[in-house]
Amino acid sequence: MLKLNDVSITFNEGTPDEKKALQSVDLELEKGEFVTVIGSNGAGKSTLMNVVSGSLIPDVGDVTIDDKHVVHLPEYKRAGFIGRVFQDPMAGTAPSMTIEENLAMAYSRDKKRKLIPGVTKKRREMYREYLDSLNLGLEDRLNAKVGLLSGGERQALSLLMATFTEPHILLLDEHTAALDPSRAELITEITADVVKKFELTTLMVTHNMQQALDLGDRLIMMDKGQIIFDVSGEEKQELTIKNLLDEFHRIRGKQIESDRAVLG
Amino acid sequence: MLISLFGAVESGVIYALMALGVYLSFRILHFPDLTVDGSFVTGAGVAGVAIVGGMSPILATLLGAFAGFIAGCITGVLHTKGKINALLAGILMMIALYSINLRLMGQPTVSMLNESTLFTQIKSWWVASGFDAFFNNIVLSLGVERFSGTWLVFTVMVILTLMVKVFLDYFLKTEVGLALRATGDNQKMIRSLSANTDGLIIIGIGISNGLVALSGALVGQYGGFANVNMGIGMIVIGLASVIIGEALFGKRTIIIATLAVIGGAIVYRIVVTMALRVDFLDSGDMKLITAVLVIAALVAPRMIQARKEKKRRLRKKAELLQRKEGEVHSA
Ligand SMILES: Nc1ncnc2c1ncn2[C@@H]1O[C@H](COP(=O)(O)OP(=O)(O)O)[C@@H](O)[C@H]1O
Ligand SMILES: [Mg+2]
């Protein structure tokens, strides 16, 4: 489904600010697989998402989606089959446009946009039904400007917009991190629901280890631009936060020792 | 007095098309596009040269608008593909157009006084049909002196401007139009929804300048000449119309906003005409009048809002006080 092959990207190469954001990353996702991604700040999680979405082009390496090489396909051309939700609740919607207009824009993501009305009676009914499934009462506010919604409501709408056209891949980048705990909980629930409902192949970055353990069928941990830990199946079910931290220190410790050996 | 007011409304309606173009770039795309001063002349000049060359006025007008569309597209390309700052891209295109317009026109002024223009054509049809006499009789019977012009320019321009408005309203609600609006609102988001934002900006600025050039082509034919300097300050007039219109008539939806822009263009012309009738002001003061008008339109709504807010708070306070007193009495 999604395949990253030996992907590397370095920012500001040859300057004091040089940053190896991804180092020879290999990753393969099965169709319908739900993968959570954890790792410390600057580990390269967002960079990984950006390479998949096409907002960054890697220095070397290959990205294939459905056996199609997409590395040089610009972001807007990939977006037809990739749904995305950003961390910032303001980022995923157009504030000065109405709820139904925002949904209309998401609806035409996998089609060629034409000179026909984006909101018709029939489509409005469909948008209303989708909104209804969020249980936030947004279905009664189709003509409200999105800028008037709360952060949680906007994020729920972004999530709906990213998913209801059933994209081949869903990318979630800490999409609950900017919300208060109860809202984050709600968005997490909705996420689990829609991913299941549409059987979406999903990569979800999260800061919250518990969330990473509770959701999904597979977990990967990143550090310094590399995937250092990858568990799935039963092994993941039995994982605890303590296991995870121990694992992190074990792997990092080893690495530090080997770094020392090289440097020494 | 009435005649000059009528003239003001009339030219306001023609300039409204230009203001709609400015609305599209400034308000919808959030693109401060200064190409306008140049593309307005491009429209007038191309239409003028074509008319003098014997082209039918309708085709000449459309050709002028198309030339403006191309100019706008180039500004869009400079910004999106050349990565040039929006303001600078517009300024560069504006000065480039000055020379291009001069080349196109071959001379600083192209006169259409002896040519058959869109307006003379319709006028002859209009007089022949007898409507003119009919309307003038009504006005005369109301006790008003005969209008110097005729009703025709006005009627035609109102219809044309409203048609453009309706088309624009419709376009901005289509799938493409929604993506265009989102490009101005949240580019990152609409790109993640598979819209080619560069292409949309290029087309959007193109359409904007197409409207500006259409307005220029009509203004040229209305006045009977095109001049390379007729576009100077046009962007400010366009912005003034947009801002005055929004302040007076609101901007809640697209349909209201575009109507407000047309209203703003008319109000602007009326105010300028009235101001110029004041004894100590002359035509050299027009720019100052424009600046004062725009400042007023920007500041006044906020002041009115603040005042309302203050009144509301005072009322609340008074209510609270009254309630407390009531409690004291009943105790
Ligand atoms: N556009 C960029 N230019 C320079 N450095 C960048 C850029 N994007 C990310 N980085 C750097 O690359 C590293 C990985 O960033 P990122 O993928 O955002 O980490 P995170 O795992 O926190 O999401 C960080 O050190 C970051 O500073
Ligand atoms: Mg990040």
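Every chain is numbered from 1 and lettered A, B, ... according to where its sequence line falls, protein lines coming before strand lines.
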More than 12 heavy atoms of other groups within 6.0 Å of A/Glu199 CD: no
Other residues, nucleotides, ligands: >12 heavy atoms within 6.0 Å of B/Ile58 CD1: no
Partner chain B: residue of A/Ser96, A/Ser158, A/Ala106, A/Pro167 with the largest heavy-atom pair count (under 4.5 Å): A/Ser96
Residues in residues 187-199 of chain B that sit under 4.5 Å from chain A, counting heavy atoms only: B/Lys188, B/Met189, B/Ile190, B/Arg191, B/Ser192, B/Leu193, B/Ser194, B/Ala195, B/Asn196
Heavy-atom contacts under 4.5 Å, residues 62-85 of chain B to chain A: none
Contact origin within A/Phe86 toward chain B - heavy atom pairs under 4.5 Å: side chain
Neighbours of chain A found in residues 171-186 of chain B - heavy atoms under 4.5 Å: B/Phe171, B/Lys173, B/Thr174, B/Glu175, B/Val176, B/Leu178, B/Ala179, B/Arg181, B/Ala182, B/Asp185, B/Asn186
Side chain / backbone / both / neither for A/Thr93 at chain B, heavy atoms under 4.5 Å: backbone
Interface residue of largest heavy-atom contact number with chain B, from A/Lys111, A/Arg123, A/Lys77, under 4.5 Å: A/Arg123
Which atoms of A/Lys112 approach chain B - backbone, side chain, both or neither, heavy atom under 4.5 Å: backbone
A/Asp67 atom CG: more than 12 heavy-atom contacts under 6.0 Å: no
Neighbours of chain A found in residues 12-21 of chain B - heavy atoms under 4.5 Å: none
